[in-house]
Structure formats: structure tokens, C-alpha cells
Amino acid sequence: MSKIDRLMDILVRYPQEAGLTDEEPAAVLDRYHTPDFELINDGVLLDRQRLLDHITPTRKRVAAVRVEVDQALVDGDQVAARTRLVAQMRNGRTIATEIYMFGEMAADGRLRRAVQATRALPAE
């Protein structure tokens with residue numbers, strides 16, 4: 001699998017598997033991220049445990065999720081993407097978020113580090 005294909009899996013499949021499946025959260029996280037993965041999201045550091053802690057409550061609130069990839073770039077181990085994540089909540093609300101992500105991919109194709117800036121979009 002090419003690095004760009006792997007990045008697309010991380011961007012599109014990871015949120016769906018993390019938020020919508022019954023699979024063990026750690027197994028989903030490990031499939032797409034290295035054990036030392038760190039995410040800085042809007043200035044807040046989220047390590048492995050904080051990400052795992054986020055998955056269970058998300059699964060209780062989200063009914064559907066889709067990611068629309070506007071741009072995705074890979075240069076060696078460096079990656080960048082501009083995406084929209086649209087989540088349909090169980091309470092009927094729709095939440096849309098634009099995400100600007102810059103990161104580093106490990107040799108095995110998993111994400112090692114990412115820095116994201118997000119902004120809320122009007123509901124569709």
C-alpha cells in the first residue's frame with residue numbers, strides 16, 4: 001500500500017472504526033498510530049491514553065461519521081491534509097468540523113505525530 005493510500009486510511013477509516021465499531025479501542029488506535037503517538041489538537045496535547053479515553057464516550061454519542069478529504073499530501077515521512085469530519089449524533093444533531101493536519105508517518109505507515117487546527121462549520 002502506498003503512503004498516500006495509508007494516509008487516506010488514517011484520515012477516513014480510523015474515525016469510522018474508532019467511533020462506530022465494537023472493536024477494542026486500543027486495537028483500532030494501534031492499527032493507525034504508533035505506541036508513542038501524540039496529537040496536538042488546537043494546542044491541547046492528547047497522548048495515547050487521552051485518545052483511548054475519548055473513544056468510548058464518542059461511541060455512545062455518534063450514530064454516523066464521514067470524512068471528506070479536500071487535500072492530502074505525503075512527502076517522505078511528512079504528511080498534511082485538509083478534511084471535513086461530519087458526525088451525525090444520536091440526538092439528531094449534525095456536527096461538522098474542518099481539520100488542518102500536519103504530521104509524521106512512521107516507516108510502517110502508521111501516524112507517529114500530528115498537529116491539528118480545527119474550526120466548526122455550519123451544520124449541513
Side-chain angles (χ1 to χ4, degrees):
M1 178 180 287
S2 72
K3 286 186 177 183
I4 193 70
D5 290 336
R6 186 65 178 148
L7 177 59
M8 294 298 287
D9 273 355
I10 293 167
L11 296 172
V12 175
R13 293 183 63 190
Y14 169 70
Q16 293 169 344
E17 292 176 19
L20 299 174
T21 68
D22 292 331
E23 186 175 3
E24 180 65 34
V28 175
L29 189 67
D30 290 344
R31 188 167 31 259
Y32 297 99
H33 303 89
T34 60
D36 60 343
F37 177 73
E38 289 184 339
L39 168 65
I40 299 173
N41 188 69
D42 293 331
V44 177
L45 174 63
L46 301 170
D47 62 10
R48 176 184 169 75
Q49 190 57 54
R50 287 189 71 185
L51 287 167
L52 288 171
D53 292 345
H54 177 71
I55 291 174
T56 300
T58 297
R59 287 179 174 181
K60 292 178 182 175
R61 294 189 323 260
V62 174
V65 65
R66 79 175 186 276
V67 176
E68 301 164 358
V69 179
D70 293 316
Q71 294 175 301
L73 304 167
V74 176
D75 184 9
D77 65 350
Q78 301 297 300
V79 298
R82 183 171 59 93
T83 64
R84 275 183 313 282
L85 185 141
V86 180
Q88 181 66 43
M89 310 306 285
R90 293 189 190 277
N91 67 7
R93 259 182 79 206
T94 299
I95 297 173
T97 307
E98 187 167 43
I99 303 168
Y100 301 87
M101 186 274 291
F102 302 90
E104 177 186 348
M105 191 177 282
D108 65 5
R110 293 185 294 169
L111 202 56
R112 174 178 289 136
R113 179 169 171 77
V115 178
Q116 293 183 164
T118 67
R119 72 179 184 107
L121 297 172
E124 298 177 333

Check whether [X] reaches the backbone of [Y] with its side chain - one donor and one acceptor, N or O, closer than 3.5 Å.
| X | Y | result |
| --- | --- | --- |
| Arg84 | Thr97 | no |
| Gln88 | Gly92 | yes |
| Arg112 | Asp36 | no |
| Arg66 | Leu85 | no |
| Asp70 | Thr83 | no |
| Asn41 | Val44 | no |

Which ILVMFWY residues are connected to Leu73, directly or by a chain of links, through side-chain heavy atoms under 4.5 Å apart? none

Hydrophobic cluster partners of Ile40 (side-chain heavy atoms under 4.5 Å): Leu45, Val115

Would you check if [X] and [Y] make a side-chain contact, meaning some heavy-atom pair closer than 4.5 Å?
| X | Y | answer |
| --- | --- | --- |
| Met101 | Leu7 | yes |
| Tyr14 | Arg31 | no |
| Val62 | Met89 | yes |
| Asp47 | Arg50 | yes |
| Val86 | Ile95 | no |

Inter-residue atom distance [X].[atom1] - [Y].[atom2], 0.5 Å rounding:
| X | Y | atom1 | atom2 | value |
| --- | --- | --- | --- | --- |
| Asp9 | Glu17 | CG | CD | 8.0 Å |
| Leu52 | His54 | CG | NE2 | 11.0 Å |
| Leu29 | Gln49 | CG | CD | 10.0 Å |

Can a salt bridge be assigned to the pair Glu104 and Arg113 using a cut-off of 4.0 Å between side-chain N and carboxylate O?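 Looking at Arg113 together with Glu104, the answer is no, because their closest N to O distance does not fall below 4.0 Å.
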
Closest heavy-atom contact between [X] and [Y]?
| X | Y | value |
| --- | --- | --- |
| Gly76 | Lys3 | O-NZ, 3.1 Å |
| Val28 | Glu23 | CG2-OE1, 3.6 Å |
| Ile10 | Gly109 | CD1-O, 3.6 Å |
| Leu11 | Ala81 | CD1-CB, 3.7 Å |
| Phe37 | Ala114 | CE1-N, 4.0 Å |

Verify same cluster id: Ile4, Phe102 (apolar side-chain graph, 4.5 Å):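 The answer is no; the residues belong to distinct hydrophobic clusters.
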
Same cluster for Leu39 and Val69 if Ile/Leu/Val/Met/Phe/Trp/Tyr side chains link at under 4.5 Å?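 Looking at the clustering, Val69 is in the same group as Leu39.
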
What pairs with Arg110 under side chain to side chain donor-acceptor pair (under 3.5 Å), at least two apart in sequence or on another chain? Asp108

How about Tyr100 and Glu98: does a side-chain donor come under 3.5 Å of a side-chain acceptor?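 Yes.
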
If you apply the rule side-chain contact (heavy atoms from CB on, under 4.5 Å), what do you find for Met1 with Arg6, and how did you get there? CA-CA 7 Å; Met1 178 180 287; Arg6 186 65 178 148; 4.0 Å; yes

Got more than 12 heavy atoms from elsewhere within 6.0 Å of CZ, Arg82? yes

